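Only a predicted model underlies this, so the values are computations on that prediction, with no experimental measurement involved. In what follows, every chain begins at residue 1, and chains take the letters A, B, ... in the order their sequences are listed.
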Amino acid sequence: MPELPEVETIKNGLANKLHNKIISDAVINRPNLRTFFPDNFTENLKDKKLTAFKRRSKYLLIELDNDYILISHLGMSGKFTIFSDNEDYPKDKHDHVVINFTDGSSLVYNDIRRFGLMDFVQKNELEKHKLFVNLAPEPLTQDFNTDYLYNILKNKKTNIKNAIMDSHIVVGVGNIYACESLFKCKISPTRSCNTIKSSEISKLIDIIKETLKEAIASGGSTLKDYRKEDGTMGYFQHSFKVYGREKEKCTICSSKIERIKQQGRSTFFCPECQK
DNA sequence: AGTGTCGCCTGAATGC
DNA sequence: TGCATTCAGGCGACAC
């Protein structure tokens, strides 16, 4: 389940290996992922050079030398793999997109659950694209600060965990990092937004930034030393304090970690530490 | 307008 | 054993 740090790491890995490569041809093996591929998807990729690799929220942005950007979201299970040989792809039934380069290498997109998507947008139209027009600030920028978040949360009645996962408030904080950040701040995930004090919000922002930065650094170092035959760039095992640890002992107070459902999603927290 | 729920999808895990 | 159900989750669409 790639969250912002994983997407950032994958973006850097793709940039290192694919910068300035030229597409010889592209193949899609089905008409859609979560959404349909745009018309002329493969035709628009043919003969294009990959000129830059960026990220906004959890979207990968691959700039082409024809004024367009290839937008890619990995959803839950999307994976990019680079192959340097000249074998024929796809090889797996979930290899949905194959992009071949003029040097004989290939980039394969595999996505078991097909929650991912791909689209094109003109470079100067990115912020107007329907997927981007309503996106909140990036968590690692100055725009995500105490004043900003306090003013949004002070009139909200929904729970704080739901709020920090809301892409209209801040992007890139998924279920794992929402749970982990709230634990580090000792804030209960069930608290109503309008009860969170300014000092708590300040700490929450610091913790979210710190948690994401640590995960990016961890992913980066993992990627650097990554050696695997198929060149897979995937997901990195981080150590979690509460996520996925239902009924295990809290590392701080030894109470049992609880799991509850919020908006249909599992939330893990320590009922003693988090108030 | 703000808030909560549903559906998309596969495969692993669990239940009877 | 084997079939059916549950669960995981980002995020747009929809309902209230």
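Residues A/K161 and A/N175 have side chains that bring a donor and an acceptor to within less than 3.5 angstrom of each other. Using modelled atom types and a 3.5 Å distance limit, the side chains of A/N159 and A/T190 yield no donor-acceptor pair. Side chains of A/T267 and A/Q262: a donor-acceptor N/O pair is present below 3.5 angstrom, by distance only.
In this structure a side-chain-to-backbone donor-acceptor pair under 3.5 Å is missing from A/E214 to A/T211. A donor-acceptor pair is defined here as one N or O able to donate and one able to accept, closer than 3.5 Å; such a pair exists between the side chain of A/K48 and the backbone of A/N44. Checking side-chain atoms of A/R34 against main-chain N and O of A/F115 turns up a donor-acceptor pair under 3.5 Å.
Distances from the side chain of A/R34 to the nucleotides C/dA8, B/dC9, C/dC11 place C/dC11 closest. In this structure, of C/dG12, C/dC7, C/dC11, it is C/dG12 that holds the atom nearest to the side chain of A/L131. With B/dC9, C/dG10, B/dG4 as the candidates, the nucleotide lying closest to the side chain of A/Q263 is B/dG4.
Between A/I71 atom CD1 and C/dC11 atom P there is a gap of 13 Å when expressed in whole angstrom units. Taking atom CZ of A/R265 as the reference point, atom P of C/dA8 lies 9 Å away to the nearest angstrom. A straight line from CD1 of A/I260 to P of C/dA8 spans 13 Å, rounded to a whole angstrom. What separates CD of A/Q262 from P of B/dT3 is a distance of 15 Å, to the nearest Å. Between A/N134 atom CG and C/dG10 atom C1' the separation is 16 Å, expressed in whole Å. Rounded to an integer number of Å, the gap from CZ of A/F115 to C1' of C/dA8 is 9 Å. Rounded to a whole Å, the CG atom of A/N110 is 13 Å from the P atom of B/dT10. Distance CG (A/L74) to P (C/dG10): 13 Å, rounded to an integer number of Å.
Note on the helix from B/dG2-C/dC16 to B/dC16-C/dG2: angle between the axes of the first and last five pairs equals 70°, rounded to 10 degrees.
Here the closest non-hydrogen pair linking A/D119 and A/H129 is OD2-NE2, 2.9 Å.
For the pair A/H94 and A/K79, the minimum side-chain heavy-atom distance is 4.5 Å or more.
A salt bridge is defined here as a Lys NZ or Arg NE, NH1 or NH2 lying under 4.0 Å from an Asp or Glu carboxylate O, and A/K203 with A/E200 fails to meet this definition.
At least one test fails for A/K241 against the ring of A/F183: distance under 6.0 Å to the centre or angle within 45° of the axis.
For the segment residues 151-164 of chain A, the set of residues with a heavy atom within less than 4.0 Å of an atom of DNA chain B comprises A/K156, A/K157, A/T158, A/N162, in numerical order.
Side-chain nitrogen and oxygen atoms of A/H73 include at least one within less than 4.0 Å of the OP1 or OP2 phosphate oxygen of C/dC11. Distances shown here put every side-chain N or O of A/S266 at or beyond 4.0 Å from the OP1 or OP2 atom of C/dC7.
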Which protein N or O atoms sit under 3.5 Å from an N or O of nucleotides 11-14 of chain B?
residue : atom : partner : partner atom : Å
B/dG11  : OP1  : A/H94   : NE2          : 2.7

Between protein and nucleotides 13-15 of chain C, what N or O pairs are separated by less than 3.5 Å?
none

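Summarising the hydrophobic clusters (Ile, Leu, Val, Met, Phe, Trp, Tyr; side-chain heavy atoms under 4.5 Å, direct or chained), the residues clustered with A/I260 are A/F269.
Applying the ring-ring contact (aromatic ring centres under 6.0 Å, His included) criterion to A/Y59, with sequence neighbours excluded, gives A/H73, A/F132.
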(request) Under the salt bridge (charged side-chain N to carboxylate O under 4.0 Å, His left out) rule, what do A/K128 and A/E125 come out as? Steps first, then yes or no, please. (result) CA-CA 5 Å; A/K128 298 178 193 166; A/E125 299 277 311; 3.7 Å; yes

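Hydrophobic clustering (side-chain heavy atoms under 4.5 Å, transitive across Ile, Leu, Val, Met, Phe, Trp, Tyr) keeps A/F53 apart from A/L61.
Across all strands shown, A/G174 has heavy atoms under 4.0 Å from sugar-phosphate atoms exclusively, and none from any base.
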